[in-house]
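Because the structure is predicted, anything quoted here is derived from the model rather than measured. Side-chain atoms are counted along with the backbone in the values below, which use heavy atoms only and exclude waters and symmetry mates.
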Amino acid sequence: MTSGVRKLPTGFGRLWTAQTVSSLGDGVSHAALPLLALTLTRDPMALAVVTAAGTLPWLLFGVLGGALVDRWDHRRTMWVADTARAVLLAIPAAAAVLDVLSIPLLAAVAFLLGLGGLFFDTAATAYLPDLLGRDPALLERANSRLRGAQTAMSGFAGPPTGSALLALGRALPLLADAVSFALSALLVRSLPAAPRPVPQARESLLRQARAGASHVFRDQLLLGLALRPAVGNIAFLAVETVLALFAHDRLGIDTYGFGLLLTAEATGGLLGAGIASFLGRRLGTGTALTCTAAVEGLAILGLAAARNPYVAGLALAVCGAGMGATMVLGPSLRQAIVPAHLMGRVASTSRMLAMCAAPFGAFLGGWLATTYDVRTPLYTAAGLLLTMTAVTSTMTSNRRVEAALRAAAPADDPDHPESRDSVQEHAI
């Protein structure tokens, strides 16, 4: 994925700052929410309900949400979603202060936060190619920076902060996340507007949604890119559901130590995001994606076998590196080859497959831990990841990637007049 050297437009800096601020708040909640739930119950299945609730909106509204985003202004969708999530987090914060916090309330809030995330993430994915003129190399650079910032904030700085805030008061992590959403909304609102694709005349929402889903399922490369995170989410949610319990009961890690354990994963994620473009150039994007998926599976296997916090932290760091590189290469490739008028629907369909798989992973993790042992979900997750790597390796091969890029090049050529005008419009 190469192109001439071009600078990222000024508007990208504001988008990067907005997502960095929001990711810090997400990292605070990522550590605090499972620990909050753990103060209310030690039932693995109850913990699984809270984990799964945040992913259910993708199961219920994923494809339709993408069709709506393709109709709506992407920038407005992002800042409205962030504003709504900031207001929503005031509810559990008040409940924590009043000592009426409960598992059902946490699950309901997680569901609504997930719904806001559906619209924000889909709109952001569709907005970025317009901002960057659909240039493959710029998309890799931009996604690398976005992923690096997200990893640094949500995984590196956020979890220890969340654990520390939770020790001071149960409402503080939730309020911190609310503030981050509010600041993100203000920054996103200042971004340059992107032109929306001309809607297809007299086409129903359901028909448009079906067209986006069909585009993914008919294309082997796009389907392979979608299946990997889908199977991966089953595995990772199975791990995440029991990770706090595993860390506490088997590794002897306290509340603050759990935040540091998540930080180890984030450290690896930063490295992975930083070297993603290098791996893509040296190995080819398809081969690089296969290698990073294999690394994730082997790392989870190492986590399952870990007997002390240091080995567990190293395994999570290696897993994070694989995930960081994957989350740069995969989305960048999709944004470079998918037509603009389908981007929201294709992105939401792909994300829906991934997120719909997540509740199954959460309940699988809870069931395996309850029925067998807290390590069993980890071994199962490793097996799923390695199997997925083998199955999808030919679907996302270098040959398929290069063919897709060649097919997309005439419409997305950065020297094409329309693309050049688009970049000039946004580089304010």
Side-chain angles (χ1 to χ4, degrees), residues 1-9 66 70 125-144 146-147 194-195 197-198 200 211-229 275-293 325-351 353 389 391-424 426:
M1 300 172 68
T2 61
S3 72
V5 177
R6 294 169 55 197
K7 292 183 178 180
L8 291 167
D70 277 338
T125 300
Y127 178 82
L128 188 60
D130 288 334
L131 183 67
L132 303 182
R134 304 177 63 77
D135 181 288
L138 284 184
L139 285 167
E140 278 193 358
R141 286 170 54 197
N143 280 309
S144 178
L146 289 170
R147 181 64 185 175
V198 178
Q200 299 180 21
S214 297
H215 191 76
V216 173
F217 285 101
R218 288 198 307 262
D219 188 296
Q220 284 287 304
L221 176 55
L222 290 176
L223 183 58
L225 291 175
L227 285 178
R228 280 189 173 164
I275 66 173
S277 294
F278 171 78
L279 292 176
R281 290 193 302 269
R282 290 299 299 270
L283 303 176
T285 300
T287 300
L289 284 168
T290 297
C291 290
T292 56
T326 298
M327 293 302 293
V328 170
L329 294 171
S332 298
L333 176 59
R334 184 184 298 113
Q335 288 168 330
I337 65 177
V338 174
H341 70 281
L342 285 170
M343 182 58 69
R345 284 167 283 173
V346 168
S348 65
T349 299
S350 302
R351 187 70 181 273
L353 290 174
T389 302
V391 169
T392 61
S393 60
T394 59
M395 300 174 72
T396 59
S397 66
N398 283 343
R399 179 180 60 81
R400 288 188 186 275
V401 169
E402 293 303 321
L405 288 172
R406 285 195 300 270
D412 299 335
D413 193 322
D415 293 326
H416 189 279
E418 291 183 5
S419 296
R420 191 162 54 242
D421 292 343
S422 176
V423 173
Q424 290 172 353
H426 298 309

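Not counting sequence neighbours, the partners of M327 by the side chain to side chain contact (heavy atoms under 4.5 Å, CB included) test are R147. Applying the side chain to side chain donor-acceptor pair (under 3.5 Å) rule to T349 yields no partners; only residues at least two apart in sequence or on another chain are considered. Residues satisfying the side chain to side chain contact (heavy atoms under 4.5 Å, CB included) criterion with L227, sequence neighbours excluded, are L223, T392, M395. T389 meets the side chain to side chain contact (heavy atoms under 4.5 Å, CB included) test with T290, A293, A294; sequence neighbours excluded. Applying the side chain to side chain donor-acceptor pair (under 3.5 Å) criterion to S393, with sequence neighbours excluded, gives no partner residue. The side chain to side chain contact (heavy atoms under 4.5 Å, CB included) test applied to L221 returns D219, L225, L333, I337, T396, V401, A404, not counting sequence neighbours.
A 4.5 Å side-chain heavy-atom check between Q335 and L128 finds at least one atom pair inside the cut-off.
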Original post:
Can M343 and D130 be said to form a side-chain contact (heavy atoms from CB on, under 4.5 Å), step by step?
Top reply: CA-CA 10 Å; M343 182 58 69; D130 288 334; over 6 Å; no
**OP:** Go through the steps to decide whether E140 and T285 satisfy the test side-chain contact (heavy atoms from CB on, under 4.5 Å), and finish with yes or no.
**Re:** CA-CA 11 Å; E140 278 193 358; T285 300; 4.3 Å; yes
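To the nearest 0.5 Å, atom OG of residue S350 and atom NE2 of residue H215 are 9.5 Å apart. Atom CG in L138 sits 5.5 Å away from atom CZ in R141 (nearest 0.5 Å). The line from CZ of R334 to OG1 of T125 is 8.0 Å long, rounded to the nearest 0.5 Å.
A donor-acceptor pair is defined here as one N or O able to donate and one able to accept, closer than 3.5 Å; such a pair exists between the side chain of R400 and the backbone of T394. Distance alone, capped at 3.5 Å, places no donor-acceptor pair between the S332 side chain and the L329 backbone.
Nearest heavy atoms, L405 versus A336: CD2-CB, 4.2 Å. When all heavy atoms are compared, the tightest approach of G212 to V346 is O-CG2, 4.1 Å. Of all the heavy atoms in L139 and P129, the pair that sits closest is CD2-CA, 4.1 Å. Between N398 and G286, the closest heavy-atom pair is OD1-N, 2.9 Å. Nearest heavy atom pair, residue L353 against residue A226, reads CD1-CB, 3.8 Å. L279 approaches A325 most closely through the heavy-atom pair CD1-CB, 4.3 Å.
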